[in-house]
Peer 1: 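Attaching a single structure in structure tokens format; questions to follow.
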Amino acid sequence: MSLPENITFIGADDDDLDLFEGQYPLSAGISYNSYLINDDKIAIIDAVDRRKTEVWLESVKQGLNGRNPDYIIIQHMEPDHSGSLLDFLKVYPEAKVVCTVPARAMLTNYFDEFDFSGKILTVKDGDTLNLGRVTLRFLTAPMVHWPEVMLTFDETDGVLFSADAFGSFALSGAGIESAWPMEARRYYTNIVGRFGGNVQSLMAKIKGLKFSTIAPLHGPVLSGDLSPYWVLYDKWSRYEPESEGVLVAYASIYGGTAHAADMIAAELRRRGVTDVVLMDLCRHDVSYAVAEAFRLRRLVACSVTYDAGIFPSMHNFIHHLQAKKLKNRKVALVENGSWAPIAAKLMAEEFAKMEGMEVIPEVLTLKARLHQSDLTQIQTIADSLLK
């Protein structure tokens, strides 16, 4: 982990957590990152989830090496970062809590049994805190992805403590190749994705700063050439695709819709599209599908008609795309129904609620399964999708 000598990583890896926020699958776990800045005065950047309180407090103790902390900086009040705050303050009651005004209001919501009188130092955008050699500058980042969020910039050593920005579904010691871009993309699109405009405002704010290290609250610390991470974050927050490829997402019951999706994917590959992702929404968690929809420019949504509506896993997928405000994609529709197919009409209505979604007029309607007579329509859909 590449950090200056006076900054110690004191976070904790949670390698036996299977679901983040009760919904996002973790392949290896996730880290709750916390940092200790050792100077004339000592500042700690963020606490951790209560699941790892004891481990974290032991790391704090070792990092302090007999000294006492002067400040604990709370960049983000979500419980996976602030959950251990009271335990910390019981051990180190003289430490000041540094946070934004909105965060101060949240403190009493989460910890109403604790008296914070005289213990809080509120800061606003651009305020600084001098530790001795090191000067910290605070940069507010509302709705990235909560309203109270701020980043902390170490002006002396060029470290950007980025809160949830640039984080990933990964452990702190994970190799960059394990965390970026797949798990960072999945983290961004599902956790922060709705707030692309706010992320763009933050990126404009920090663009001129000189930093060589990004220290997020989840996943590995980023150092060296930061441009690949910056470029991807910029694309994601602009809702710009990384690839001209196609996501073929399907919800099938007896295999007929799945077969049609497979045939469409094969036709696209035959036409030279190298980046085609075929995804079974009934068996892949929706967070992976959302990440792929952000990554690719084109989408084929294939759904059975079920209870006179869209099949639940497809409906859930489209709902997530709406919630994350995905926009400016080209969409083709496939529906299936043994007697009254209506899924395509309903899916088109849902995509019409999203900004800049171009739904091509050609629809493949299956009657129970794919028939020889449907093959021409697959070619027509491929033509329109790739124009």
Side-chain angles (χ1 to χ4, degrees), residues 19 21-25 186 189-190 193-194 239 246-265 267-268 276-371 373-375 377-378 380-382 384-385:
L19 290 176
E21 293 189 350
Q23 59 179 321
Y24 301 114
R186 190 163 69 93
T189 57
N190 287 279
R194 178 178 179 85
Y239 305 95
V246 185
L247 169 61
V248 183
Y250 65 90
S252 187
I253 301 177
Y254 296 111
T257 307
H259 180 222
D262 189 60
M263 292 293 288
I264 291 171
E267 177 64 20
L268 292 169
V276 179
V277 177
L278 188 64
M279 187 166 286
D280 181 353
L281 296 178
C282 299
R283 290 173 174 81
H284 287 86
D285 183 80
V286 69
S287 66
Y288 292 92
V290 169
E292 287 298 284
F294 267 74
R295 187 177 73 84
L296 301 168
R297 183 175 295 280
R298 299 173 176 88
L299 167 66
V300 183
C302 314
S303 178
V304 175
T305 298
Y306 192 78
D307 286 341
I310 304 168
F311 195 71
S313 59
M314 177 61 75
H315 190 276
N316 184 46
F317 172 52
I318 297 174
H319 166 73
H320 275 74
L321 296 183
Q322 291 173 336
K324 306 309 175 186
K325 292 192 173 181
L326 183 69
K327 58 186 176 183
N328 302 331
R329 296 298 191 269
K330 196 169 187 178
V331 182
L333 302 175
V334 177
E335 63 181 355
N336 194 348
S338 296
W339 61 90
I342 195 175
K345 175 180 179 295
L346 298 177
M347 287 191 290
E349 290 173 355
E350 294 302 316
F351 281 115
K353 298 174 184 178
M354 301 166 64
E355 183 180 343
M357 302 298 272
E358 178 190 352
V359 179
I360 67 173
E362 296 83 3
V363 172
L364 173 58
T365 298
L366 306 173
K367 292 296 183 68
R369 62 181 180 84
L370 188 68
H371 298 274
S373 57
D374 296 322
L375 299 181
Q377 188 66 356
I378 286 180
T380 300
I381 285 176
S384 295
L385 198 61

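Since we're looking at a predicted model, the values are computed, not measured.
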Peer 1: Is Thr365 reaching over with its side chain to a backbone N or O of Glu335, donor-acceptor style, under 3.5 angstrom?
Peer 2: no
Peer 1: Is Lys353 salt-bridged to Glu349, cutoff N-O under 4.0 Å?
Peer 2: no
Peer 1: Considering all heavy atoms of both residues, which atom of Val290 and which atom of Phe317 are nearest to each other, and what is their separation?
Peer 2: N-CE1, 4.0 Å
Peer 1: Has Thr257 got a side-chain atom pairing as donor or acceptor with Ser303's backbone, closer than 3.5 angstrom?
Peer 2: no
Peer 1: Taking the side chain as everything from C-beta on, heavy atoms only, tell me whether Asp280 gets closer than 4.5 Å to Tyr250.
Peer 2: yes
Peer 1: Identify the two heavy atoms, one from Ala344 and one from Val363, that lie closest to each other, and give their separation to 0.1 Å.
Peer 2: CB-CG1, 3.6 Å
Peer 1: So, using side-chain hydrogen bond (donor to acceptor under 3.5 Å, both in side chains) as the criterion, who are the partners of Asn316 when residues are at least two apart?
Peer 2: His320
Peer 1: Give the minimum heavy-atom separation between Cys282 and Ala251, together with the two atoms involved.
Peer 2: SG-CA, 4.2 Å
Peer 1: Would you find more than 12 non-hydrogen atoms of other residues, nucleotides or ligands less than 6.0 Å from Tyr306 atom OH?
Peer 2: no
Peer 1: Answer yes or no: is there a donor N or O on one side and an acceptor on the other, between the side chain of Arg329 and the main chain of Leu296, under 3.5 Å?
Peer 2: yes
Peer 1: Is any side-chain heavy atom of Phe351 closer than 4.5 Å to one of Leu299?
Peer 2: yes
Peer 1: Distance alone, cut at 3.5 Å: any donor-acceptor contact between the side chains of Ser384 and Glu362?
Peer 2: yes
Peer 1: Between Gln322 and Glu350, is a side chain to side chain contact (heavy atoms under 4.5 Å, CB included) present by the stated rule, with each step listed?
Peer 2: CA-CA 8 Å; Gln322 291 173 336; Glu350 294 302 316; 2.9 Å; yes
Peer 1: Do you know the tightest heavy-atom contact between Ala249 and Met314?
Peer 2: O-CE, 3.4 Å
Peer 1: Find out whether Val304 and Tyr254 are in side-chain contact, i.e. whether some heavy atom of one side chain is under 4.5 Å from a heavy atom of the other.
Peer 2: no
Peer 1: With no hydrogens and no angle check, is any side-chain donor or acceptor of Arg194 less than 3.5 Å from a backbone partner on Ala323?
Peer 2: yes
Peer 1: Return the set of residues passing side-chain contact (heavy atoms from CB on, under 4.5 Å) with Asp285 (not counting sequence neighbours), or none when no residue passes.
Peer 2: Pro25, Ser287, Tyr288
Peer 1: Test of understanding: with side-chain hydrogen bond (donor to acceptor under 3.5 Å, both in side chains), list the residues that count as partners of Glu358, not counting sequence neighbours.
Peer 2: none
Peer 1: Please find the pair of heavy atoms, one from Ala332 and one from Ile360, that lie closest to each other, and give the distance.
Peer 2: CB-CD1, 3.6 Å
Peer 1: Lys324 side chain to Ala291 main-chain N or O, any donor-acceptor pair under 3.5 Å?
Peer 2: no
Peer 1: What is the ring orientation for Tyr239 with Phe294, classed by angle as parallel under 30°, tilted 30 to 60°, or perpendicular over 60°?
Peer 2: tilted
Peer 1: Do Glu267 and Leu375 come within less than 4.5 Å of each other through their side chains, counting heavy atoms only?
Peer 2: no
Peer 1: For the side chain of Arg295 and the backbone of Ala293, is there at least one donor-acceptor N/O pair under 3.5 Å apart?
Peer 2: no
Peer 1: Show the nearest heavy-atom pair for residues Val276 and Val248, with the distance to one decimal.
Peer 2: CG1-CG2, 4.2 Å
